[in-house]
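Each ligand, and each atom within it, is numbered from 1 in the order the structure gives.
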Amino acid sequence: MATLQAIKYSRGKLLVLDQLRLPHENHYDEVSTAEEAFDCIRSMRVRGAPAIAIVAALAHAVELHNGDCTATEPEEVIAHIEKRLDYLKESRPTAVDLSNAITLLKLATRAANLEGLAHPEAKEAILNTYIKTAEEILAKDLHNNTSIGSHGAAWLQQQYNASSERPISVLTHCNTGSLATSGHGTALGIIRTLYSEGLLKHAYCTETRPYNQGSRLTSFELVFEGIPSTLITDSMAGALFNLHRERMNIGAVIVGADRVVRNGDTANKIGTYQLAVLARHHGVKFVVAAPTTSIDLETDTGSAIEIEERKREELTQISGAIVNENGTVDTSKTAKVAIADQRIGVWNPAFDVTPHELIDAIVTERGTVVKGADGKFDFSQVLPERLASIAARQL
Ligand code: MRU
């Protein structure tokens, strides 16, 4: 079956699906420089924590492949790479995948084996190391997502003794699918896996105001995959859970993450926190799907996470394809319309932080982390090497 692909890459060429045109138009932009990647990320043509990191890493791989680096000495080549990466890091602040990818790329590039090499071979070795590491980030992401899908589906199956005779329904927020990653998705990946294993009764997705990643992107992915699904506005979640108490069998809210910190507090799309509060009130499990690339063990609690604030027009205006008089959608014409008094004051945080107390499980590609008897998440089973390196630095 055809799959949605946000990122198409072959060495020297990066194509990125313009998500601002979805669901009406499939248009790919060629991204060949760090500046183009920065603009693509900032303007939300590509979004989602893993996809942002992959596009940034690969855009620089493309410009290096195309000979953008004129430095010759190894130290200068490394300095050039690091400067470009530091620039890309500023494109969006909350998701940690980008800074984790940059740390990895810098370490790998510095560790390139230059033994016995002089210019130009030494430079080639550094560039090749960078390009291969960036390509590995892309390949690993897909692998991570399928593992998250299996771990998450297995955990939920166990919680509810779910089976094809007793499938569960779930609610998701924002877009965490193929469009937000290299493929399959994280939270949506778990939903995909539940569906393919016959364990899913129904998926609900929120509209995800103000940017509508749920109605524009997740509903598009769910329809594309033929998964039984229903769109609700963000304000309908409480009513849905309440109904479920009587008859609807909603097993879990499954969301993605932009940054999970050491105690399990999780930054994700604005509206996630209120879903967690509602889920707890109604006895619905709250599951965060997060590849280890979205985990930040250097930050202790969620209060230290920088939350991106975006422009006022995302609340006061909306754009989309024109609906004709007869109800058909004309995808060739788009319009921007005002949906509020343009003078109103606006607060537009792109993310919020869900405290770890409200989270039941954090599903990574290395396994599902749950809270211990002390009420804390312990990442030592899934990220022992990162914890060891933090501990070594503190000595
Ligand atoms: O502003 P966005 O669309 O980049 O926000 C995306 C989210 O919040 C996702 O839930 C998160 O990045 C995880 S994507 C696998």
Original post:
Does the N or O separation between K269 and ligand 1 drop below 3.5 Å for any pair?
Top reply: yes
Original post:
Do any nitrogen or oxygen atoms of P50 come within less than 3.5 Å of a nitrogen or oxygen of ligand 1?
Top reply: no
Taking a cutoff of less than 4.0 Å between a non-hydrogen atom of the residue and any ligand atom, is [X] in contact with ligand 1?
X: A95; result: no
X: C174; result: yes
X: M44; result: yes

Hey, what do you get for [atom1] ([X]) to [atom2] ([Y]), rounding to the nearest 0.5 Å?
X: L275; Y: T206; atom1: CG; atom2: OG1; answer: 6.5 Å
X: I78; Y: C69; atom1: CD1; atom2: SG; answer: 10.0 Å
X: C205; Y: I232; atom1: SG; atom2: CD1; answer: 8.0 Å

Could you tell me which atoms of ligand 1, counted from 1 in the order shown, lie closer than 4.0 angstrom to a heavy atom of [X]?
X: A49; value: 12 (O), 14 (S)
X: Q213; value: 1 (O), 2 (P), 3 (O)
X: R92; value: 1 (O), 2 (P), 4 (O)
X: T186; value: 15 (C)

Original post:
On the ring face of Y130, is R84 found with NZ or CZ under 6.0 Å from the centre and within 45° of the axis?
Top reply: no
Original post:
Q317 and R312: side-chain contact (heavy atoms from CB on, under 4.5 Å), yes or no, with the steps?
Top reply: CA-CA 9 Å; Q317 301 172 359; R312 51 181 284 112; over 6 Å; no
Original post:
Any salt bridge between R393 and E298, counting N to O under 4.0 Å?
Top reply: yes
Original post:
Which bit of F351 gets closer than 4.0 Å to ligand 1, counting heavy atoms only: side chain, backbone, both or neither?
Top reply: side chain
